[in-house]
**Q** 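Starting off with a structure, shown below.
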Amino acid sequence: MEFLLIILVIVGLVVAYNMNKTTEVKTYPRLTNAMFSAEGVISTVDAKRLFRKYMLDIGYFEKDEATEHTEYFAEAMRDRAIELQDDINYAKEALAEAKKEANDFTGLTKDEIVEAKADIPNYIQYAQDELAEAQAALSKFKADKRDFFIEYINQQTQEHH
């Protein structure tokens with residue numbers, strides 16, 4: 001009886017192994033900017049609609065999962081906007097700190113003050129450039145979700161399989 005049980009377990013393991021071995025990994029197309037018309041922008045509403053339709057069309061998820069996955073996508077868009085706003089806030093703090101340091105030479109020698117005064121315009125310019133870059137990134141993101149849409153879908157379909 002024990003011998004029969006051992007045989008059944010071995011047969012079960014062999015069948016399970018063969019099923020896993022023959023299961024194909026499904027591949028999905030990689031999105032690129034070239035796949036979209038150059039005109040127009042993708043709004044938040046359009047991005048959610050296109051995400052749902054595209055992922056259903058390629059068979060990435062079933063219809064009953066579409067709402068849940070679309071909400072994950074929408075949440076990721078909100079998170080990206082927050083990250084970009086955080087970048088702006090950080091850049092503003094860095095600029096304020098650079099400007100503050102431009103007027104505070106407490107504890108420095110004359111030579112250090114001369115050196116600090118020479119470096120201050122560079123620090124301030126760098127902080128201003130960082131702030132402008134962060135503001136431009138948020139503005140671009142708010143205006144058009146195309147890059148985020150492509151990046152998110154490729155991350156989901158290419159890296160998780």
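For the single chain, residues carry numbers from 1 onward in sequence order. Not measured: the values here are computed from a predicted model. The analysis underlying the following values was restricted to heavy atoms, covering all of them including side chains, and did not include hydrogens, waters or symmetry mates.
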**Q** Hey, does the side chain of Gln156 reach the backbone of Glu151 with a donor-acceptor pair shorter than 3.5 angstrom?
**A** no
**Q** As an exercise, state the distance from NZ of Lys140 to CG of Leu84, rounded to the nearest 0.5 Å.
**A** 10.5 Å
**Q** Any side-chain to backbone donor/acceptor pair from Arg52 onto Lys63? Under 3.5 Å, distance only.
**A** no
**Q** If you define the side chain from C-beta out and look only at heavy atoms, does anything of Phe148 sit under 4.5 Å from Phe73?
**A** yes
**Q** Assess the residue pair Asp104 and Lys100 against the criterion (salt bridge (Lys or Arg N to Asp or Glu O under 4.0 Å)); give the C-alpha distance rounded to whole Å, side-chain angles, the decisive distance to 0.1 Å, and a yes or no.
**A** CA-CA 7 Å; Asp104 184 12; Lys100 178 182 166 195; 5.8 Å; no
**Q** Judged by atom type as modelled, is there a donor-acceptor pair below 3.5 Å linking the side chain of Asn154 to the main-chain atoms of Leu31?
**A** yes
**Q** For the residue pair Tyr152 and Phe51, is the inter-centroid distance of their aromatic rings smaller than 6.0 Å?
**A** yes
**Q** Tell me if a side-chain donor or acceptor on Glu68 pairs with a main-chain N or O of Glu65 at a distance below 3.5 Å.
**A** no
**Q** Output yes when a side-chain donor or acceptor of Glu112 lies under 3.5 Å from a complementary backbone atom of Phe105, and no otherwise.
**A** no
**Q** Any heavy-atom pair between the side chains of Lys145 and Met77 that's under 4.5 Å?
**A** yes
**Q** Determine the minimum heavy-atom distance between Tyr54 and Pro29, stating which atoms define it.
**A** OH-CG, 3.2 Å
**Q** Please tell me if the side chains of Leu131 and Lys92 come closer than 4.5 Å, counting only heavy atoms from C-beta onward.
**A** yes
**Q** Quick check: does any side chain N or O of Asp144 sit under 3.5 Å from a backbone N or O of Ile42, one acting as donor and the other as acceptor?
**A** yes
**Q** Side chains of Thr32 and Ile150: does their closest heavy-atom pair fall under 4.5 Å?
**A** no
